[in-house]
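Quick caveat: nothing in here was measured; it's all calculated off a predicted structure.
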Amino acid sequence: MKSSSAAANPDDALYERKDSRKYFGQNQLLLANCQTADSVFNEYIQDLSSGGAFIQTDKTLTIGQEIAMTISLPNSRKELRATGEIVRISSKGVGVEFTVIFNF
């Protein structure tokens, strides 16, 4: 007999990730004011989810570096404020995993 606490379908995680992005399309860039321990800069967020963001930048940043962001939301006066850690670096920018989201 199967328990009601059986492991979730592995496809559920993928669905939740896609679902969290339904409000921000891939082609919709969001402006972010970013701050690290040694610099302040404005860049565009290419991809935003509940767990993190991809920042388009040519700044020299490192994996593990902390970053604070204020992201302007389109068609709204609200902003998303978050802190995070850089977890991925590519030629087009950096991936950030959120550690704290202050307000949405």
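Between Arg88 and Val94 the shortest side-chain heavy-atom distance does not fall below 4.5 Å. In this structure the side chain of Ser72 never reaches within 4.5 angstrom of the side chain of Leu30, judged on heavy atoms. With contacts defined as side-chain heavy-atom distances shorter than 4.5 Å, the pair Asn33/Ile71 does not qualify. At a threshold of 4.5 Å between non-hydrogen side-chain atoms, the residues Thr62 and Ile86 do not count as touching.
In terms of hydrophobic clustering, with Ile, Leu, Val, Met, Phe, Trp and Tyr side chains grouped at heavy-atom distances under 4.5 Å, Val96 and Ile89 are assigned to a common cluster. Linking ILVMFWY residues whenever their side-chain heavy atoms come closer than 4.5 Å, directly or via other members, leaves Met69 and Val87 in distinct clusters.
Taking all atoms of both residues into account, the shortest heavy-atom contact from Val40 to Gln35 is CG2-CG, 3.8 Å. Here the shortest heavy-atom pairing between Ser90 and Phe54 reads OG-CZ, 3.6 Å. In plain terms, the two heavy atoms of Glu43 and Gln56 that are nearest each other are OE1-O, 3.0 Å. Shortest non-hydrogen contact noted between Phe98 and Ser50 is CD1-O, 3.7 Å.
Thr99 places a side-chain N or O within donor-acceptor distance of the main-chain N or O of Thr83, the cut-off being under 3.5 Å.
With values rounded to the nearest 0.5 angstrom, Ile55 atom CD1 is found 4.0 Å from Cys34 atom SG. Between the OG1 atom of Thr57 and the NZ atom of Lys92 there is a distance of 14.0 Å, given to the nearest 0.5 Å. Here OG of Ser39 is found 6.5 Å from CG of Leu61. Values are rounded to the nearest 0.5 Å.
Heavy atoms of other residues, nucleotides or ligands lying less than 6.0 angstrom from OH of Tyr44 number 12 at most.
Thr70 and Glu79 are not linked by any side-chain donor-acceptor pair at a separation below 3.5 angstrom, with hydrogens and angles left out of the test.
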